[in-house]
Protein chains: 2
Amino acid sequence: MALRTAAIERLAITDDRASELADLFRLLGDATRLKIVLACMDAPTAVGAIAERLKLSLSLVSHHLRLLRAARIVRADRQGKQVFYSAADDHISGIVSAMLEHVAEPRGVDD
Amino acid sequence: MALRTAAIERLAITDDRASELADLFRLLGDATRLKIVLACMDAPTAVGAIAERLKLSLSLVSHHLRLLRAARIVRADRQGKQVFYSAADDHISGIVSAMLEHVAEPRGVDD
DNA sequence: ATAACAATTGAACAATTGTTCATATGATGG
DNA sequence: CCATCATATGAACAATTGTTCAATTGTTAT
């Protein structure tokens with residue numbers, strides 16, 4: 001039923017709404033940024049820890065996190081000097097999971 | 001359980017797999033391309049019909065469809081001179097729906 | 001106040017990408 | 001075979017975007 005509702009909304013989607021959606025997808029559409037999302041999806045993680053785990057510069061991680069936070073894909077919680085990031089809600093995890101399933105699907109014979 | 005499995009995989013995600021996922025998200029991350037996906041998601045639609053409905057050039061629509069088809073986000077079915085495009089599977093619709101819900105969510109007080 | 005640690009920000013550059021225009025391919029009917 | 005319709009492709013340009021380096025802000029402890 002949730003799918004049916006979405007199908008109806010989809011028919012009447014405005015350009016603004018499409019752009020809003022696209023913006024979110026685009027943020028997940030960079031490998032580095034996606035890995036950052038995945039890294040702080042399991043448990044709240046500090047910027048430095050993310051950078052270390054993924055072997056990325058602090059600056060780069062912070063830049064990406066700012067974009068992700070602005071889009072409410074992740075949320076920031078300051079705890080002393082450190083800022084812990086985590087997934088903003090369950091939609092994101094669900095979306096990533098669904099895409100993982102899509103990738104895992106068997107290829108057709110004609111491609 | 002599907003979520004739990006995905007969560008486990010997430011911990012051990014490789015760089016290649018992250019890039020593969022990101023590529024898919026990036027394709028949905030352009031407003032024009034996303035509208036094309038939405039346009040042929042409800043029912044199989046010919047290239048010309050999509051272009052007309054969205055008021056885009058045939059060339060542009062075709063270029064985007066080629067990328068979407070290569071990523072198996074949409075599938076192509078030739079019927080005479082026309083080629084009808086439709087969503088490749090249910091994952092895509094589910095993903096778009098989930099993102100629509102994410103957008104529809106009430107904002108927090110502090111942003 | 002100062003030092004040290006953690007994270008953020010701004011500017012600049014290289015690389016990627018969306019769009020357009022022109023041309024080509026494939027299918028159908030005369 | 002030729003003309004026409006429908007889609008696809010290639011090259012080129014403008015615009016966006018990821019990354020780096022340097023400098024800055026915020027927080028805690030001495």
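Every chain is numbered from 1 and lettered A, B, ... according to where its sequence line falls, protein lines coming before strand lines. Everything numeric in this text was worked out from a predicted model, so none of it was measured.
A sub-4.0 Å separation between OP1 or OP2 of C:dT8 and a side-chain N or O of A:Tyr85 is present. Between A:Ser59 and D:dA22, a side-chain N or O to OP1/OP2 separation shorter than 4.0 Å is absent. Using a 4.0 Å cut-off, some side-chain N or O of B:His64 falls inside it from OP1 or OP2 of C:dT19. The phosphate of D:dT7 (OP1 or OP2) has no side-chain N or O of B:Arg78 nearer than 4.0 angstrom.
Formation of a donor-acceptor pair under 3.5 Å by the B:Arg78 side chain with backbone atoms of B:Gly80 is found in this model. In this structure, the side chain of B:Arg33 does not engage the main chain of B:His64 through any donor-acceptor pair within 3.5 Å. Here the side chain of B:Ser62 pairs no donor or acceptor atom with the backbone of B:Leu58 at under 3.5 angstrom. Panel note: side chain A:Arg75, backbone A:Ser86; no donor-acceptor pair is recorded below 3.5 Å.
Atom pair A:Phe84:CZ and D:dT27:C1' shows a separation of 14 Å (rounding to whole Å applied). As rounded to whole Å, 13 Å separates atom P of C:dC5 from atom CD of A:Gln82. The distance from atom CG of A:Leu60 to atom C1' of C:dA7 is 14 Å, rounded to the nearest whole Å. Distance, A:Arg26 CZ to D:dT16 P: 11 Å, rounded to whole Å. Spacing between atom CG of A:Leu67 and atom P of C:dT8 amounts to 12 Å, rounded to whole angstrom units. To the nearest angstrom, C1' of D:dT16 lies 12 Å from CZ of A:Arg33. Rounded to whole Å, atom C1' of C:dA6 lies 13 Å from atom CD of A:Glu52. For A:Leu58 and D:dT25, the CG to P distance is 18 Å, given to the nearest whole Å.
Taking for each of B:His63 and B:Val47 the nucleotide of DNA chain D with the nearest heavy atom, the 5'-most of the two is the partner of B:Val47. In terms of position along DNA chain D, the nucleotide closest to B:Gly48 lies nearer the 5' end than the nucleotide closest to the other residue of the pair B:Gly48 and A:Gln79.
Picking from D:dA8, C:dC5, C:dT28 the nucleotide with the shortest atom distance to the side chain of A:Lys81 gives C:dC5. Of all nucleotides listed (C:dA6, C:dT8, D:dT19), C:dT8 comes nearest to the side chain of A:Val83. Out of C:dT8, C:dT19, D:dT7, the shortest distance to the side chain of B:Ala46 is found at D:dT7.
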For this session: Apply the test salt bridge (charged side-chain N to carboxylate O under 4.0 Å, His left out) to residues B:Asp15 and A:Lys35: give CA-CA distance (whole Å), side-chain angles for both, the deciding distance (0.1 Å), then the verdict.
Result: CA-CA 8 Å; B:Asp15 282 25; A:Lys35 282 190 284 186; 3.2 Å; yes

